[in-house]
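One structure is given below, encoded as structure tokens.
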Amino acid sequence: MPGACRCQPLPEVGRIEALAQRYRSGDTTPEDVARAQLALAAGNDAHSIFTQLTPELALAQARASTERWARGTPLGPLDGVPLTVKDLFDLEGTATTRGSRVTGRAPAQRDAACVARLRAAGAVVLGKTSLSEFAFSGLGLNPHFGTPVQRAPRTGATHLVGGSSSGAAAALRAGIGCVALGSDTSGSVRVPAAWSGLVGWRPSQARYPLDGVALLAPSLDTVGVLASSVADVLAMDAVLHGEQPQLADTAPTFVFAANLCGGKVQHEVRDNCARFMARVADAGFACEEARVVALEQVMDAFAAHGTLVAAEAAHELRAFTEPAVARHVDPFVQRRLAAAREMRAHDLIALQQLRHRLLQEAASVPQDVIYVFPTTPATAPALAALHTPERIAAANASALSHTMPCSFLDMPGIALPSGHDGAGLPTSVLLCCPRGRDALLLSAARRLEALALFNP
């Protein structure tokens, strides 16, 4: 692997703790921050980042937080922290649109469980962010609310930010909110994190509650977090998990999955992943290179039988496939659902049997192993290149090709920035491990951050 390259050190604390320190010292108040954040949100391309802003709710929460900090009785580090919520989560008094025009506008009667936990911890909800319709795409395209985009720094070309949690990533890129609550079924947090230079956390499915979240594929859906640092992910995890994470003391072994760095991977993405591994090795961590056969088997099964997410989405979204309704749905989503309805029973059974077997086999993987490979094979595609249905479908399949097999095996994963390509677009590495080893993964990622081993 290439020798270690220089990178700028990351801050010792994330934005959440830094903001809490400012509140504690009296340098600013949650109400001041909330007003500034709402003004920033309204001044940006809000129609594509947000489905709805919630200024009244945000200011009420911020005033209450300001009073608690003034009394010296904050609820914790999230008290007064501005954040955004993907519009798959119920937020009391607001409609849950799922990024669609056909889901109705009845306001939710209560918060989703994760939203309730964040609000109980004092977090300030700025608004609900846009997404690919029904969260059924990794690109972030949305013809109804607009598609969040970014400019390539060195070419000026317009590129996607990734999906389905596209608005969540775009908000953070614009400086709106310290963290974002998203969801991840096939890669919907990890892909936008990879394409936007952010940290994206997909936990094991059982780690956070899904109550009050509009589902796409119940066997695969997870709550996820986008942030600018691992430290901020840890602060969110403590609230969403319901307890402070017990970080693992075990020194991890990082296994570079060489079979996920083949010819389809953009060379800058591959090179930056190799440089990342070199830095990790130079820091004294155990590093190996191997083929991760289980992920290969999943990819082969997808090619032969289709995907589990498609089969479950066809069932979950069946109410939106009737002709009178479907004509108002994103044509790309329509085509994916139509193809999914053609899946045969034996294909679904084959996928379920493979999943059961591989999940059992994963239990025998050594407890300290963390797999490393590129989060996505390429950086964010240019919007202008997606001018035919075939190109959109190919770009979507590529975007999810590394993350979807991990979801199939319920592997917790964290996407970390690894550098940039020739156009200045972010590249990313994915760290993941077998189901249930979330603490090991979070601990390892935080160690790497403290040592400045990945690019901020």
Side-chain angles (χ1 to χ4, degrees), residues 1-11 15 40 43-45 48-49 138-142 146-163 165-176 180 187 189-200 226-229 261-279 373-388 391-392 394-403 415-430 449 452-456:
M1 291 183 180
C5 69
R6 297 177 60 191
C7 64
Q8 295 297 317
L10 291 171
R15 294 177 65 189
L40 184 62
N44 273 270
D45 192 10
S48 64
I49 295 178
L139 299 177
L141 299 168
N142 190 304
T147 297
V149 295
Q150 61 179 315
R151 296 281 182 183
R154 294 173 190 159
T155 67
T158 301
H159 292 254
L160 300 179
V161 300
S165 303
S166 51
L172 287 177
R173 283 182 55 86
I176 305 168
V189 157
R190 292 161 292 170
V191 170
W195 287 355
S196 303
L198 299 168
V199 175
L226 286 119
S228 57
S229 69
C261 245
K264 293 184 179 180
V265 176
Q266 183 180 329
H267 72 88
E268 295 105 327
V269 174
R270 183 188 306 114
D271 291 347
N272 287 342
C273 185
R275 294 187 183 103
F276 168 79
M277 286 296 295
R279 293 194 295 270
F373 47 88
T375 308
T376 57
T379 52
L383 182 61
L386 306 180
H387 51 76
T388 66
R391 290 200 173 194
I392 293 173
N396 186 64
S398 173
L400 299 171
S401 61
H402 288 182
T403 56
L416 303 175
S418 63
H420 297 84
D421 70 2
L425 293 166
T427 63
S428 175
V429 292
L430 183 65
E449 181 171 72
L453 297 183
F454 61 87
N455 292 330

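Nothing fancy with the numbering, it's 1 onward along the sequence.
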Query - Check: Ser166 side chain, Pro148 main-chain N or O, donor-acceptor pair, under 3.5 Å - result: no
Closest non-hydrogen atoms of Leu139 and Trp195, given as atom of the first, atom of the second and distance, are CD2-CH2, 3.9 Å
Asn142 meets the side-chain hydrogen bond (donor to acceptor under 3.5 Å, both in side chains) criterion, sequence neighbours left out, with none
Between Thr379 and Gln266, is the side-chain hydrogen bond (donor to acceptor under 3.5 Å, both in side chains) condition met? List the steps.
CA-CA 8 Å; Thr379 52; Gln266 183 180 329; 3.2 Å; yes
Separation between CG (Asn272) and CZ (Phe454), nearest 0.5 Å, reads 14.0 Å
Checklist entry - Would you find a donor on one side and an acceptor on the other, under 3.5 Å apart, between the side chain of Arg154 and the backbone of Asp421? => result yes
Rounded to the nearest 0.5 Å, the CG atom of Leu160 sits from the CG atom of Asn396 at a distance of 10.5 Å
To the nearest 0.5 Å, atom CG of Leu430 lies from atom OG of Ser418 at 11.0 Å
Is there side-chain contact between Pro426 and Pro417, with at least one heavy-atom pair below 4.5 Å? no
Taken to the nearest 0.5 Å, the spacing of Leu386 CG from His159 NE2 works out to 10.5 Å
*asked:* Tell me if a side-chain donor or acceptor on Glu268 pairs with a main-chain N or O of Gly419 at a distance below 3.5 Å.
replied: no
Report yes if the side chains of Val161 and Pro192 come closer than 4.5 Å at any heavy-atom pair, otherwise no. no
Value for CG (Leu172) from CD1 (Ile49), rounded to nearest 0.5 Å, stands at 10.0 Å
- Task: Determine yes or no for a side-chain-to-main-chain donor-acceptor pair under 3.5 angstrom, with Thr155 supplying the side chain and Ala157 the backbone.
- Result: yes
Practice task
Go through the steps for Leu425 and Gln150 under the test side chain to side chain contact (heavy atoms under 4.5 Å, CB included), then give the verdict.
Solution key: CA-CA 9 Å; Leu425 293 166; Gln150 61 179 315; 4.0 Å; yes
Side chains of Lys264 and Ser398 in contact at under 4.5 Å (non-hydrogen atoms) | no
CZ of Arg15 to OG of Ser228, rounded to nearest 0.5 Å, is 5.0 Å
With heavy-atom distances below 4.5 Å as the criterion, would you say the side chains of Thr427 and His420 are in contact? no
- Task: Please examine the side chains of His402 and Ser428, heavy atoms only from C-beta on, and report whether any two atoms are closer than 4.5 Å.
- Result: no
(Q) A side-chain contact here means heavy atoms from C-beta on lying under 4.5 Å apart; do Val199 and Leu226 qualify? (A) no
Discussion item. So Leu383 and Leu141, do their side chains get closer than 4.5 Å, heavy atoms only?
Written reply: yes
Flag side-chain contact, heavy atom, 4.5 Å: Thr376 against Val269: no
- Item | Sidechain-backbone polar pair: Arg190 side chain, Ala415 backbone, donor-acceptor under 3.5 Å | no
